[in-house]
Amino acid sequence: DGGITQSPKYLFRKEGQNVTLSCEQNLNHDAMYWYRQDPGQGLRLIYYSQIVNDFQKGDIAEGYSVSREKKESFPLTVTSAQKNPTAFYLCASLRGGSNTEAFFGQGTRLTVV
Amino acid sequence: DAKTTQPTSMDCAEGRAANLPCNHSTISGNEYVYWYRQIHSQGPQYIIHGLKNNETNEMASLIITEDRKSSTLILPHATLRDTAVYYCIVRVANTNAGKSTFGDGTTLTVKP
């Protein structure tokens, strides 16, 4: 079955360490996105990529980095520069073209202690 | 992309219709209205979308006003499993959904 997979579901890290969140899709979608969600709030865009080897900053990119070396993969690195990294992180993908909807992964809950 | 406004929370009795409103007064002519829902601690799920005509699928109906400045998502027979946060967003077709602002959505609670 096609889908978008985020791993791991729960992740714990010590403060000051970089951590990379995985996002893989086998939907052959061109565009991929990373969102952050804090308790009781909506989704905020971190980074997005419309094509391989290209990506753009979203609304809250500071302290994060991404790469898009393969169409299927869009990993997100939460760096030590991110002041409040503890959050729920969601990855999404979208097929190019008109009139399409986004597919979301099940999220990774990152806790930094 | 246009901004949307939704009520913070709503309650609905099980088996009744749930009507969730959304205001998008600055919507452009080429922007679609999309609805997603998010059950606690899961990724958002697509529900329905439309441009100007009313739409219906197996999950819900979408009613868009003639001036397109507001819309209503209708869950015809709400169940306890429909308890979730519902997001209304608008975006231009042919562009990425990532530039859409989800906002805080409406928390729908379906009660027995």
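Quick note on labels: first sequence line is chain A, next is B, and so on, each numbered from 1.
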Completion exercise
Looking only at G105(B), G43(B), P44(B), most heavy-atom pairs under 4.5 Å shared with chain A are made by P44(B)
Exercise for the section: Assign the ring pair Y34(B) / H49(B) to parallel, tilted or perpendicular, where the plane angle (0 to 90°) is split at 30° and 60°. Expected result: parallel
Practice task
Examine the side chains of Y87(B) and Q38(B) and answer whether a donor and an acceptor come within less than 3.5 Å of each other.
Solution key: yes
Handout entry: Contacting moiety of R44(A), where chain B heavy atoms sit under 4.5 Å
Key = neither
Handout entry: Options A92(A), G40(A), G42(A), ranked by heavy-atom pairs under 4.5 Å with chain B, top entry
Key = G42(A)
Practice task
Give, as side chain, backbone, both or neither, the part of S41(B) having an atom under 4.5 angstrom from any heavy atom of chain A.
Solution key: both
Exercise for the section: Under 4.5 Å heavy-atom distance to chain B, tell me which part of Q6(A) shows up: side chain, backbone, both or neither. Expected result: neither
Practice task
Check whether any side-chain heavy atom of C88(B) sits under 4.5 Å from a side-chain heavy atom of L73(B), and report yes or no.
Solution key: no
Handout entry: Cation-aromatic face contact R109(A)/F88(A), 6.0 Å, 45 degrees
Key = yes
Exercise for the section: Please report the C-alpha distance between Y86(B) and R37(B) in whole Å, then the side-chain angles of each, then the deciding distance to 0.1 Å, and finally whether the side-chain hydrogen bond (donor to acceptor under 3.5 Å, both in side chains) criterion is met. Expected result: CA-CA 4 Å; Y86(B) 288 77; R37(B) 75 178 182 185; 3.0 Å; yes
